Amino acid sequence: MEYNFKEIEAKWQRYWAQNHTFKAVEKESQPKYYVLDMFPYPSGAGLHVGHPLGYIASDIYSRYKRLCGYNVLHPMGYDAFGLPAEQYAIQTGQHPEVTTNANITRYRSQLDRIGFSYDWDREVRTCDPAYYKWTQWAFLKMFNSWFNPETQKAEPIENLIAKFKAEGKWDGLSEKEQSDLLMQYRIAYQGETAVNWCPALGTVLANDEVKEGYSVRGGFPVEQKKMTQWQLRVSAYAERLLADMEELDWTDSLKDMQRNWIGRSKGCEMVFKVQNEDKEYDVTIFTTRADTVFGVTFMVLAPESDWVEKLTSREQKAAVEEYLAMAKKKTERERAQGKKVTGVFSGSYATNPLTGEKVPVWISEYVLSGYGTGAIMAVPAHDSRDYAFAKTFNLPIIPLIEGCDVSEQSFDAKDGIMCNSGFLTGMSVKEAIPAAIKYVEEHGLGRGKVNYRLRDAIFSRQRYWGEPFPIYYKDGIPMPVDEKDLPVTLPEVDQFKPTETGEPPLARAKDWTYKGYPLEKSTMPGFAGSSAYYLRYMDPKNSDGLVSASADAYWRNVDLYIGGTEHATGHLIYSRFWNKFLYDLGYVCEKEPFKKLINQGMIQGRSNFVYRIIGTNRFVSVGLKDKYETTEIHVDVNIVHNDRLDMEAFRNWMPDFKNAEFELENGEYICGWAIEKMSKSMFNVVNPDMICDNFGADTLRLYEMFLGPLEQSKPWDTKGIDGVNRFLKRVWRLFWDKDNFIVTDEKASPAELKSLHKLIAKVQEDTENFSFNTTVAAFMIAMNELSELDCHKREILEPFIIMLSIYCPHVCEELYQALGHQESITYAKFPEYVEAYTVENNCTYAVSFNGKTRFTVELAKSMSKEEVEATVRGMEQTAKYLEGVSIQKVIVVPGKIVNIVVK
RNA sequence: GCGGGCGUGUUGAAAUUGGUAGACAAGCCAGACUUAGGAUCUGGUGCCUACGGCGUAUGGGUUCGAGUCCCUUCGCCCGCACCA
């Protein structure tokens, strides 16, 4: 029999589906293991060969854990709400649901071909009302909760009302006043804030959806705008999000990204009294450098600060208004990039609370309204931004650290001895900071404060294709929809774009009301549906709750999560927040959702080029291109093999090239190449379906892992795939010679056992460490050895394919069945490693100088007894040769295979 | 600017964590079998002025020993970016 991967793969994919081989059922007697992929947004372009990389890795690990006796939960679903389907709907009128479902069908068929061991009975789709019911439910819980700073926990809003009642702050308020009061405390709340407004998309965006002033989706410019929006009080959880990261098994770089994003900084708030004409105001600033207060020479307000209006004097009004108008027009990007220092004097003066000195109050866009209090004390001598401002507007600079030179630049380091600083003079900076804060607190001038960069998440989007809010407005007061009436399903609309008056698309829906009152017209953002999906997989069909207590208690949280690093400051923060909130309310039993996280690298494309002589239809091979003036043209990688162009296919590729002529090297047209992003426009997209057709899913899986370390980005190059394909064919030939099944029950030789057990040790160790590329290499080495030994023994081959089945499940199932097994290889046991075959002759020699161990020498197990003895003699000679060196002791180290010769 | 990471053949990479650098593949060269090959098998393949010598971006250091540790310089990638 030939290795017919097409038949084999179709057969076993059918078998797994029919037998529900990968169905996960809670079993108290068996330890659980939860392996999760970041579920995909089903885009119209379908999967390319880079997308399944992480899925293959997680599938290998899932299959490995099953063989090791774990009850594995390995689900898959779709993050199905999102902008592209909606943009398409606006252009074509096609309902996003139709597009989305078609894309999901395509994704599913592509995924199925790769042979994943998903439990598809647990599939979720975020756009399914039965699913988003629980997204809305969680929102209602957040609406009806507040964050108690004393307990650092979310608690029911009733607790807060009771507290207000006890304090006499509640009774007597109107319904509207009560609503407004609670709104300041709810975890999900409505509030006015500066938001990222994207005019092209017609919606607001969260901070992580904006990069360098452009929307991540679509790349449209984003501007700052003050709007009333639904928000989630993520910032309340800043400290816990930071602290609980310690115990997570994530990479340091990813943890750093989150730490950066949360941006904890310890400092203090200080009150400056500001005199504007006849009125005095208390303006609070935030600083991390309380020690530098003696060097304050001016104050600065953010242009959006509420203080601006109050602190602008009559003479300066015109100038300030002009400045504000100018600042408003700029996008965030222009502000950050414009290195030019701008600002305007407000006309009022502040009093330094420590020195009593009067300093001018300025307004400048270098101060951000969203951080701290939107107002700063400026210390030009020790802050480079204040320094630049002071130099531009000719404001005084007072140095506060002994010996520092501030004639050319500020001295920003937190280092040195204070001077010109009253009671702080003589202290080091490190002593002065707490001393200054202590002084400020004792004199009632302010207080120590920790500030976070993390802002609350803007939660409304002025779009159609998202979860509707379970909120309606009774006389303008937002009210929660009753829990029993969930889900609030998306209404039909005739068009998907905003209304002519700029209202969200839901304003087009007829009778978009609840109990006769209008419903909220915004929808929830993309991260709403993806924040708790891992919980829903535990109990996907439950209609009484997001997840039952028993299912949650069994599966707990995700043991291994694999996905891209692009979610570091979005999804991975929101999910952690969402989980902590549900934890506080007692709905889940773990405070962190994802224990271990691996970020797979990106697979880039390898583009090919042809070179056309300018003004002709003549193409020259890459080696000859320098002789002519040529233009480089991308050519479809699918008509190029090993950089050799299929000239006939090229002529048929595009009408322009129909009459192409070629100038060849050695009778072949060699293409140039480059590594670029995999995309349609570069003609370098490789479709996994094509690989499955030509080589099979087992080869694809093996090759993706063989390509290089999982976390690393690497280019896809189809030409290397022959190597792993050959490997599988050769494995097949260990079992089959033409039509004869040649496996015997003969006893294995020591050499064969050694080869097998070396492999078992390696597969086990490398798989545990997610080093899949070296595992594949180990399989190849073992196969080469077994071929060499002409080994066709069941005792060796059966464990071999059980291990290989985690990579290449289809072909291994087929061979396993040929060995006479009735059950799927999924239920086999991972073979046990016997040490005896790898420790023989392993020795370590420790060599000492004057009694102190200086180096060790380890000898390979492959050495014979004679070789070992000869090497030891060599060592002794080395010891004699080097003065004062002697071999002190000899230690046998099991498992070591190092082979050193010391000259 | 700040933070994290990286630099090894023609290419993807490996190196048991300080111990024979280039495993395993791809490509290339030669040979075998073939009507044929994008099939199969065998051998070779870091570089050089080749019985020797040199080689892990660069220059230095620690060490009996450095791809691995420390410092210098150069280059690349990722994240954040006026966060007071």
Side-chain angles (χ1 to χ4, degrees), chain A residues 211-212 251-261 263-265 267 285-289 292 300 332 335-339 341 364-368 370-379 382-386 388-389 412 451-455 565-566 568-569 599 601-602 606 641-644 646 673 694 703 706-709 711-727 729-730 733 761-762 765-766 771 773-781 783-784 787 844 847 849 854-860 878-879 881-882 885 895-903:
Chain A
K211 274 220 162 81
E212 296 179 345
T251 59
D252 288 335
S253 72
L254 200 96
K255 284 187 185 178
D256 274 342
M257 275 192 226
Q258 289 215 344
R259 280 192 203 107
N260 243 312
W261 192 257
R264 183 184 203 272
S265 62
I285 59 95
F286 174 77
T287 182
T288 54
R289 293 294 303 272
T292 61
V300 190
E332 196 176 343
R335 279 200 193 182
Q337 283 202 331
K339 290 282 167 243
V341 179
S364 171
E365 56 187 2
Y366 86 90
V367 174
L368 305 174
Y371 184 76
T373 62
I376 62 152
M377 63 178 210
V379 186
H382 303 289
D383 183 287
S384 51
R385 296 153 301 181
D386 298 345
F389 195 82
D412 290 16
N451 232 324
Y452 299 92
R453 212 181 71 109
L454 184 71
R455 322 257 171 104
T565 178
E566 68 272 17
T569 51
N599 299 115
M602 289 249 281
R606 187 178 189 275
H641 305 284
N642 287 353
D643 289 340
R644 277 144 185 82
D646 180 336
W673 61 273
N694 295 346
Y703 186 53
F706 187 57
L707 229 39
E711 292 93 333
Q712 199 173 297
S713 285
K714 56 235 162 188
W716 175 269
D717 186 359
T718 304
K719 80 180 176 194
I721 205 166
D722 287 333
V724 290
N725 191 235
R726 253 194 291 270
F727 162 77
K729 288 180 189 165
R730 292 178 67 191
R733 285 203 297 269
K762 184 81 176 157
E765 193 189 326
D766 285 0
S771 177
N773 55 330
T774 52
T775 313
V776 178
F779 276 118
M780 291 178 171
I781 294 167
M783 199 276 305
N784 285 342
S787 284
T844 295
V847 180
F849 287 53
R854 297 299 293 269
F855 64 97
T856 60
V857 176
E858 295 155 86
L859 301 172
T878 310
Y881 179 73
L882 296 163
V885 176
K896 294 278 184 183
I897 51 165
V898 175
N899 177 5
I900 309 304
V901 181
V902 175
K903 288 172 190 165

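From a predicted model like this one, the values you see are computed outputs, not experimental measurements. Chain naming here is simple, since letters A, B, ... match the order of the sequence lines and numbering starts at 1 in each.
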Selected nucleotide, minimal atom distance to Arg726(A) side chain, candidates A26(B), A14(B), A84(B):
A26(B)

Candidates A84(B), G4(B), C41(B) - which lies nearest the side chain of Val367(A):
A84(B)

Distance between the C1' atoms of A81(B) and C64(B), in whole angstroms?
49 Å

Indicate yes or no: at least one non-hydrogen side-chain atom of Asp643(A) is less than 4.5 angstrom from one of Arg606(A).
yes

Which is true for Arg733(A) with a 4.0 Å heavy-atom rule: it touches a base, it touches only sugar-phosphate, or it touches nothing?
sugar-phosphate

What is the pairing partner of A30(B), taking Watson-Crick or G-U wobble pairs with both distances under 3.5 Å in any strand?
U42(B)

Nucleotide of U40(B), C80(B), A25(B) approaching Trp261(A) most closely (side-chain heavy atoms):
C80(B)

Syn if the chi torsion is within 90° of 0, anti otherwise; quick check, which is G61(B)?
anti

If the C1' atom of G53(B) is compared with that of U58(B), how far apart are they to the nearest Å?
22 Å

Both distances under 3.5 Å, Watson-Crick or G-U wobble: report the partner of G52(B), or none.
C48(B)

Using 30° and 60° as the class boundaries, would you call the ring planes of Tyr366(A) and Phe389(A) parallel, tilted or perpendicular?
tilted

Between G55(B) and G67(B), how far apart are the two C1' atoms, rounded to whole Å?
11 Å

A50(B) and U63(B): how far apart are their P atoms, nearest whole angstrom?
36 Å

Side-chain N,O (Ser265(A)) to OP1/OP2 (A84(B)) below 4.0 Å
yes

Please determine, for the side chain of Asn773(A), which listed nucleotide (A13(B), A81(B), A25(B)) has the closest atom?
A13(B)

Considering every strand shown, what is the Watson-Crick or G-U wobble mate of A36(B) when both distances are under 3.5 Å?
none

A66(B) versus U56(B) - spacing of their C1' atoms, nearest Å
11 Å

Which class fits the ring pair Trp716(A) and Tyr703(A): parallel under 30°, tilted 30 to 60°, perpendicular over 60°?
perpendicular

Using the P atom as the point on both nucleotides, what is the distance between U10(B) and G79(B), in whole Å?
31 Å

Say you pick atom C1' in A57(B) and the same atom in U49(B); how far apart are they, in whole Å?
26 Å

Would you indicate what Asn260(A) reaches in the nucleic acid, counting non-hydrogen atoms under 4.0 angstrom: base, sugar-phosphate, or nothing?
nothing

What nucleotide, of G27(B), G4(B), A15(B), holds the atom closest to the side chain of Ser253(A)?
G4(B)

With heavy-atom distances below 4.5 Å as the criterion, would you say the side chains of Pro715(A) and Trp673(A) are in contact?
no

Pairing check on G79(B): which nucleotide meets the Watson-Crick or G-U wobble criteria with it, both distances under 3.5 Å?
C2(B)

Say we look at G22(B) and U34(B): how far apart would their C1' atoms be, to the nearest angstrom?
35 Å

If you check the Thr774(A) side chain, which of A15(B), C24(B), A13(B) turns out closest?
A15(B)

Using OP1 and OP2 only, check whether a side-chain N or O of Tyr371(A) sits under 4.0 Å from A84(B).
yes

